[in-house]
Amino acid sequence: MSVTKREQERRLALMLSCLLGVLLFFMVFASTYHLLAEVDASDLTVHLAWADEFDKWTLLQALLTGNDRLWHACVWLANRLGVSLVYAGCLVTAGAVEAAYLIYNALFKGMLQWLNRRLIPFASLTLCLVSAIYVPWYTTTIYRGQSSPNVWHNPTQMMVRPFALIAFWMTVRIYRRLRERDGWPTRAFESKREIVAYAFVLMLTVWAKPSFVQAFIPGLAILMIVDLIRSRGKAFLFCFKTACAYIPAALLMLMKFLSEFGADSESGIEIAFLDVWSHSTKNIPFSMLLLFAFPLFVFIVDGKRLLSSVEGQLSLSNLAVAVGMKAALAETGSSRYHGNLSWSYGLAAVFVWFIALRSFLELMFGDRLTGKKYTVVAVVGWTLLFLHLLSGIIYYMKIVSGEILF
């Protein structure tokens, strides 16, 4: 029985996807093992010690208080199943990044069905590797000061990303119903099952790392306020029903906040404009440009379409809140300059980068650009993307070669 050309393309794309996925898995496994077993000077070391102390009561406490212990619970479970503690940490961390890669694959396939499927695994791998553009004479590190959509040293940040991607795209699909239907619909969810699934995914992000919802909820609220004004209140029921799905995650966030910054805690949060951010970078606007050079270029070229889309507006509103948090807030106490309030900024970069790369692929392989404009966009866009990808690879190589970049 002969195999059609389309089937051959599908099989080749699947092989490429598996090959690049395996490569990524072992890259993350190797870097995690290096940081745990050889460097012993990273967030991973601390988190592994916490995972070793984990038990069923710690799990119950994490579920009730919203503490970011999902990575620890998974490592603890793997360890109880017979995997050594270090290898359990490596497996769970690599699995989290691999999950993000597979989600990128699925999202690209769903949104760019006309795109050659052989390109999708490379696009997904690129999103798992890109970092801020490395300028050696400006900074000795790639991550510190600039942040990154990809980190190698913090397991909870890697753990939350796949759940955050799912929550982000579920929100986009839900909110499109308000924007794309005639009038102002009052029905936000298609079924009770969808409500439960949405609320549960949001709770998973809190259990993994609260940094996602602490910027995402206010970012979504901004869109809702805009639509309430535009509709003169007719969008209220839709927005109210959508917001109700956030109640469990918001309560977990509140419990997390009270457990860490309550009256009995030695730590707190205060307003200290640019104090923490300026501590780790010489020039904040330039550091932001190094992180967002490619997405910024894409938004300039394709801004009208991106800014009119739900995903574009949601990613930018989330980024605006994350930037505000990073710029204005600071922890009190010994962890002031650890950057714990900056993780939302890195997660916001994940969504902005995904939206930008998707748009760029549409420009490059679609028919919306022609002539000199296509050439200019292609040259500048591919150059910037290459620089970000090269910087991400250098970032990874520096980590596994023994440099501490965090």
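Only this structure's heavy atoms are used, side chains among them; waters, hydrogens and symmetry mates stay out.
- No donor-acceptor distance shorter than 3.5 angstrom exists from the side chain of Thr156 to the backbone of Lys209, with no hydrogens or angles considered.
- Closest approach of Asn79 to Ser84, counting heavy atoms only: ND2-C, 3.8 Å.
- Other residues, nucleotides and ligands contribute more than 12 heavy atoms inside 6.0 Å of the CH2 atom of Trp114.
- Here the side chains of Phe163 and Leu70 are in contact, with some heavy-atom distance below 4.5 Å.
- Residue Leu127 comes nearest to Asn150 through the heavy atom pair O-ND2, 3.0 Å, listed as atom of the first residue, atom of the second, then distance.
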Let's go through Val350 and Tyr104 carefully: what are the C-alpha distance in whole Å and the side-chain angles of both, what is the deciding distance for side-chain contact (heavy atoms from CB on, under 4.5 Å) to 0.1 Å, and is it a yes or a no?
CA-CA 11 Å; Val350 170; Tyr104 283 136; 3.3 Å; yes

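- In this structure the side chain of Leu307 reaches within 4.5 angstrom of the side chain of Leu316, judged on heavy atoms.
- Here CG of Leu107 is found 4.5 Å from CZ of Phe354. Values are rounded to the nearest 0.5 Å.
- Looking only at distances, a side-chain donor or acceptor of Ser315 sits under 3.5 Å from a matching main-chain atom of Glu311.
- Atom CG of Leu60 has more than 12 heavy atoms from other residues, nucleotides or ligands within 6.0 Å.
- The neighbour count for Phe365 CZ, taken as heavy atoms of other residues, nucleotides or ligands under 6.0 Å away, is above 12.
- Panel note: side chain Tyr396, backbone Met27; a donor-acceptor pair is recorded below 3.5 Å.
- There is a side-chain donor-acceptor pair under 3.5 Å between Asp55 and Thr58.
- A side-chain donor-acceptor contact under 3.5 Å links Asn105 to the backbone of Tyr101.
- Taking the side chain as every heavy atom from C-beta outward, Tyr134 and Lys398 approach each other to under 4.5 Å.
- The two residues His388 and Leu291 have their closest heavy-atom pair at CE1-O, 3.5 Å.
- When side chains are defined from C-beta on, Leu314 counts as touching Phe168, because their heavy atoms get closer than 4.5 Å.
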Before you tell me yes or no, could you show the steps for Tyr143 and Trp152 under side-chain contact (heavy atoms from CB on, under 4.5 Å), namely the whole-Å CA-CA distance, both residues' side-chain angles and the distance that decides it to 0.1 Å?
CA-CA 10 Å; Tyr143 171 77; Trp152 305 104; over 6 Å; no

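- The CG atom of Leu165 sits 11.5 Å away from the CG atom of Leu102 when rounded to the nearest 0.5 Å.
- Here the closest heavy-atom approach between residue Ala249 and residue Val206 is recorded as O-CG2, 3.8 Å.
- For the pair Ala94 and Val28, the tightest heavy-atom approach, listed with the atom from each and the gap, is CA-CG1, 3.6 Å.
- The 12-atom threshold is exceeded at OH of Tyr337, counting heavy atoms of other residues, nucleotides or ligands nearer than 6.0 Å.
- Within the model, atoms CG of Asp52 and CG of Leu85 stand 5.0 Å from one another, a figure rounded to the nearest 0.5 Å.
- The closest donor-acceptor contact from the side chain of Ser309 to the backbone of Leu306 lies under 3.5 Å.
- Formation of a donor-acceptor pair under 3.5 Å by the Tyr345 side chain with backbone atoms of Met325 is not found in this model.
- Between Trp184 and Phe238, the distance separating the two ring centers is not shorter than 6.0 angstrom.
- Atom CG of Asn154 sits about 4.5 Å away from atom CG of Asp43, to the nearest 0.5 Å.
- Among the candidates His47, Gln157, Lys256, the single residue satisfying the side-chain hydrogen bond (donor to acceptor under 3.5 Å, both in side chains) test with Asp68 is Lys256.
- Rounded to the nearest 0.5 angstrom, Leu44 CG and His153 NE2 are separated by 8.5 Å.
- The shortest distance between side-chain heavy atoms of Ile142 and Gln146 does not fall below 4.5 Å.
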Please evaluate residues Tyr138 and Thr281 with respect to the criterion side chain to side chain donor-acceptor pair (under 3.5 Å), reporting the C-alpha separation (whole Å), side-chain torsions for both, the decisive distance (0.1 Å), and the verdict.
CA-CA 9 Å; Tyr138 172 71; Thr281 181; 2.9 Å; yes

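- At a threshold of 4.5 Å between non-hydrogen side-chain atoms, the residues Arg336 and His279 do not count as touching.
- Within the 4.5 Å cutoff, the side chain of Tyr175 has heavy atoms near those of the Asp227 side chain.
- Within the 4.5 Å cutoff, the side chain of Leu341 has no heavy atoms near those of the Val276 side chain.
- Closest heavy-atom contact between Thr139 and Arg144: OG1-O, 4.4 Å.
- Checking each of Leu357, Val130, Thr383 against Phe294 for a side chain to side chain contact (heavy atoms under 4.5 Å, CB included) leaves exactly one that passes, namely Leu357.
- Under the 30°/60° scheme for interplanar angles, the aromatic rings of Phe351 and Phe212 are found to stand perpendicular.
- A salt bridge is absent between Glu190 and Arg173: the closest approach of a Lys/Arg side-chain nitrogen to an acidic carboxylate oxygen does not fall below 4.0 angstrom.
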One pair to check against side-chain contact (heavy atoms from CB on, under 4.5 Å): Met364 and Val377. What are the steps and the verdict?
CA-CA 8 Å; Met364 291 296 96; Val377 171; 3.7 Å; yes

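- With rounding to the nearest 0.5 angstrom, the OG atom of Ser317 is 5.5 Å from the CD1 atom of Ile222.
- Between Tyr87 and Phe29, the two ring planes are parallel [angle under 30°; tilted spans 30° to 60°].
- When atom types are taken as modelled, the side chain of Thr205 and the backbone of Leu202 share a donor-acceptor pair closer than 3.5 angstrom.
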Let me see the working for Leu14 and Arg117 under side-chain contact (heavy atoms from CB on, under 4.5 Å), right down to the final yes or no.
CA-CA 8 Å; Leu14 181 61; Arg117 291 202 169 190; over 6 Å; no

Evaluate the side chain to side chain donor-acceptor pair (under 3.5 Å) criterion for residues Ser344 and Gln214: first the C-alpha distance (whole Å), next the side-chain angles of each, then the deciding distance (0.1 Å), finally the verdict.
CA-CA 7 Å; Ser344 297; Gln214 68 188 27; 3.2 Å; yes

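- In this structure, Ser17 contributes its side chain and Ala13 its backbone to no donor-acceptor pair below 3.5 Å.
- For CE of Met111, the number of neighbouring non-hydrogen atoms (other residues, nucleotides, ligands) closer than 6.0 Å is greater than 12.
- Residues Trp277 and Ser342 bring no donor and acceptor atom of their side chains to less than 3.5 Å of each other.
- None of Ile174, Leu178, Val172 except one satisfies the side chain to side chain contact (heavy atoms under 4.5 Å, CB included) rule with Arg176; the exception is Val172.
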